[in-house]
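Remember, predicted model here, so these are calculated numbers, not experimental data.
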Amino acid sequence: MGPTPILNLIVCLKLTLPFPPLPPVPPSLASTAKLEATTMELEFGSIVRHRASMVTTEISQVPLSGVLFLLQTARQAGMPAMLDVDVSPEVALGPAQLGSQAELVQCVTAASVVKLTADAARELLALVNPSLKQEEQERSLDGLVQQLADALRTKLCVVTDGSKGLALALGRRSMRERGGEKRGGGGGSVNPVFVPGLKGLNLVDFTGAGDAAFGGMVASLHAHGYPSNQEGLLRMGRVAAAAGAACVEVKGALPTPGKSAARVLQLAGNAQPLVDAAALLDMELSQSSSVSSTEAVAALTAGLKGRSPVIQAYARSLDADARALKALSTGLSLHEKEDKIKKVIDLLAEAHTNSPKKTHIYTSGIGKSGLVAARLASSLRSISIRSSHVPATDFVHGDMGSLARGDVLVCLSSSGKTNELIDATRRVRARGVDVIAITRNPSSPLAQLADIHIHAKSTSELLGKIPSRSIVVNEAVSNAFVSGVAAATHFTVLDFLDNHPGGSIGAAVSSSLASTASCTTSSSTGVVGPPPVPGTAATASSSSSSALSRP
């Protein structure tokens, strides 16, 4: 019974791309390296840019030029690039002949997350910071990992030392270069953390313990995003340590469905979200845990063979939509900071009809995105948020007059390059209106103009041009924000009934409440179900904390 993919992540295996069998390339042969880069582009370029949400690779067997291609492509696409230095620099540049020293340094500085052993860390530190004398290298594991993280300018560095434990550090130089984010602990830099090795283990097989720890890091990053404080570093470190420990207790270092996940939970209770994700993934793939993701995809493809072209197109479109939503969900957890999403929800919630503020939400877009924007405004109104849809072209034909300082404009655009929307955004911001842009292109003009940009990552469109996947993604993001606002304002089904008493929806809600009332009517008040929350006004913070700062 094969292990499920998420267990591979949590317990034993690294998430790696299936590299074609390429022989080691002598670094002196520039033409061969160029050919290899072309091969990597053909094999993986489109997949990484349009379908991946994270890239993990290792320095082990693949030529460094191939590893560098993946890391740089991931970085250009704005996604996490994780590197496991599986063999020491001395071995990689010597017996393994994986490439040149320059390529090795490029690889470790291109990755956003680097994991390696203590011995390899000391070798690498001497390469990337030759001015640092050997006696100046920190002796403690947490001191060493911070030195290396700073030298590499990486977001996150992890150094392992077998059964002794592992240490994690955020790159301080990288933090300063990204604008000096505020951190916990008095606003200073986040100190590295040391996670000691777990005791009382039944040691059976040390093979792959480092790989398992790396898998735990991958799963943690997938579920929680980059750690930004010591608590986040400890959470990731404990999951990684638990995954490595569960691995060494199994002969062959292979995860056992159910047992391995349970063991990880025994060793690290904070891994529960990862185990929950495993259960969901199993349900999505098959009713049988023995069916792997590869087998499920093969079965789907085989089922379409022999069907008419129109039925195949129909089924493949549904599959593409599902993949787009899965990529979006992953993208949000990895690329969107929690505080950014919360700020959007707080801004929208300030327009609640019971709020003392007079904030009004406007949504706008052009073409198909405009239709999604109109639906978003309508859904917000149904949960008591003052909102209106205004086409971008209407703003410059008189509708600017409805805007007031403190209002919010939500712009939806797949490309983020629509001229009419960009022009309207510039004029709107000049009036003191906060702008939220939802696009699939974080480097687009609209994204740069906005106070907050939400990355609605989407895959390829129908025939490469016709809006399809982007519409599904924008609808999903809209639903997510409506759900968040409903939670923030304590909106109940009774509130919805007040707003929507007519039609089949109103009738269905009334019928449901009446049915419940017949069974659970309160003897004291006659109110059924959850009572209306007193004062359903938005719970957003004061203007001094929720208002967006202007550049």
Check whether any side-chain heavy atom of Ser415 lies under 4.5 Å from a side-chain heavy atom of Arg440, and answer yes or no.
no
Between Cys157 and Ala149, the two heavy atoms sitting closest are CB-CB, 3.7 Å
Heavy-atom check, side chain of Val195 versus side chain of Leu168, under 4.5 Å:
yes
Should we say atom CD of Gln134 is surrounded by more than 12 heavy atoms from elsewhere, each under 6.0 Å from it?
no
Can a donor-acceptor pair be found, under 3.5 Å and without considering hydrogens, that links the side chain of Thr425 to the backbone of Leu421?
yes
With distance as the sole test, does Ser478 use its side chain to make a donor-acceptor pair with the main-chain N or O of Asn474 at under 3.5 Å?
yes
Looking at every heavy atom in both Val264 and Ala243, which two are closest together, and how far apart are they?
CG2-CA, 4.3 Å
Between Tyr226 and Leu221, is a side chain to side chain contact (heavy atoms under 4.5 Å, CB included) present by the stated rule, with each step listed?
CA-CA 6 Å; Tyr226 289 110; Leu221 185 61; 3.7 Å; yes
Are Val108 and Val128 side-chain neighbours, meaning at least one heavy-atom pair lies under 4.5 Å?
yes
For Pro227 and Gly232, the nearest pair of non-hydrogen atoms, with its separation, is CB-C, 3.5 Å
Determine whether Met79 and Val55 make a side-chain contact, defined as any pair of heavy atoms from C-beta on separated by less than 4.5 Å.
yes
Heavy-atom check, side chain of Val113 versus side chain of Met217, under 4.5 Å
yes
Could you tell me the separation between the CG atom of Leu412 and the NZ atom of Lys368, rounded to the nearest 0.5 Å?
14.5 Å
Under the side chain to side chain contact (heavy atoms under 4.5 Å, CB included) rule, what do Val48 and Leu70 come out as? Steps first, then yes or no, please.
CA-CA 8 Å; Val48 171; Leu70 286 173; 4.1 Å; yes
Using modelled atom types only, decide if a donor and an acceptor are shared between the side chain of Gln147 and the backbone of Glu136 within a distance under 3.5 Å.
yes
Distance in Å, Leu83 CG paired with Ser112 OG, rounded so as to fall on 0.5 Å steps
9.5 Å
Side chains of Ser140 and Phe194: does their closest heavy-atom pair fall under 4.5 Å?
no
Are Gln230 and Asn191 side-chain neighbours, meaning at least one heavy-atom pair lies under 4.5 Å?
yes
Is a donor on one side and an acceptor on the other found under 3.5 Å between the side chain of Glu123 and the backbone of Glu90?
yes
Is it true that a side-chain atom of Thr57 and a backbone atom of Asp84 form a donor plus acceptor pair closer than 3.5 Å?
no
So, for Gln448 and Pro442, which heavy atoms are closest and what is the spacing to 0.1 Å?
NE2-O, 2.9 Å
Any donor-acceptor pair under 3.5 Å linking the side chain of Thr439 with the backbone of Asn441?
yes
Looking at CD1 of Ile471 and OG of Ser414, how far apart are the two atoms once the value is rounded to the nearest 0.5 Å?
7.5 Å
So, Gln72 versus Arg75: side-chain donor-acceptor pair below 3.5 Å or not?
no
Is there a donor-acceptor pair under 3.5 Å between the side chain of Glu249 and the backbone N or O of Asn202?
yes
With Leu116, the side-chain contact (heavy atoms from CB on, under 4.5 Å) member among Val145, Leu124, Ile59, Val158
Leu124
Please determine whether a side-chain nitrogen of the Lys or Arg among Arg49 and Glu41 lies less than 4.0 Å from a carboxylate oxygen of the Asp or Glu.
yes
Could you give the distance from CG (Leu98) to SG (Cys107), rounded to the nearest 0.5 Å?
9.5 Å
Salt bridge check, Arg429 against Asp434: does any charged N sit closer than 4.0 Å to a carboxylate O?
no
Shortest non-hydrogen separation from Pro80 to Ala74 and the atoms involved:
O-CB, 4.3 Å
Using modelled atom types only, decide if a donor and an acceptor are shared between the side chain of Asp161 and the backbone of Lys164 within a distance under 3.5 Å.
no
With a 4.5 Å limit on heavy-atom distance, are the side chains of His455 and His453 in contact?
yes
Without swapping roles, check the side chain of Glu103 against the backbone of Pro63 for a donor-acceptor pair under 3.5 Å.
no
Surrounding CD of Glu231 (heavy atoms of other residues, nucleotides or ligands, distance under 6.0 Å), is the total greater than 12?
no
Could you tell me the separation between the CG atom of Leu132 and the CZ atom of Arg122, rounded to the nearest 0.5 Å?
10.5 Å
What is the distance from atom NZ of Lys115 to atom CE of Met82, rounded to the nearest 0.5 Å?
10.0 Å
For Cys411 and Leu446, which heavy atoms make the closest approach, and how far apart are they?
CB-CD2, 4.1 Å
Full working for side chain to side chain contact (heavy atoms under 4.5 Å, CB included) between Leu347 and Ile452:
CA-CA 11 Å; Leu347 282 171; Ile452 300 178; 4.3 Å; yes
For the pair Val114 and Thr109, evaluate side chain to side chain contact (heavy atoms under 4.5 Å, CB included) and give the outcome as yes or no after the intermediate values.
CA-CA 9 Å; Val114 177; Thr109 53; over 6 Å; no
Assess, by modelled atom type and distance only, whether the side chains of Asp142 and Gln146 contain a donor and an acceptor separated by less than 3.5 Å.
no
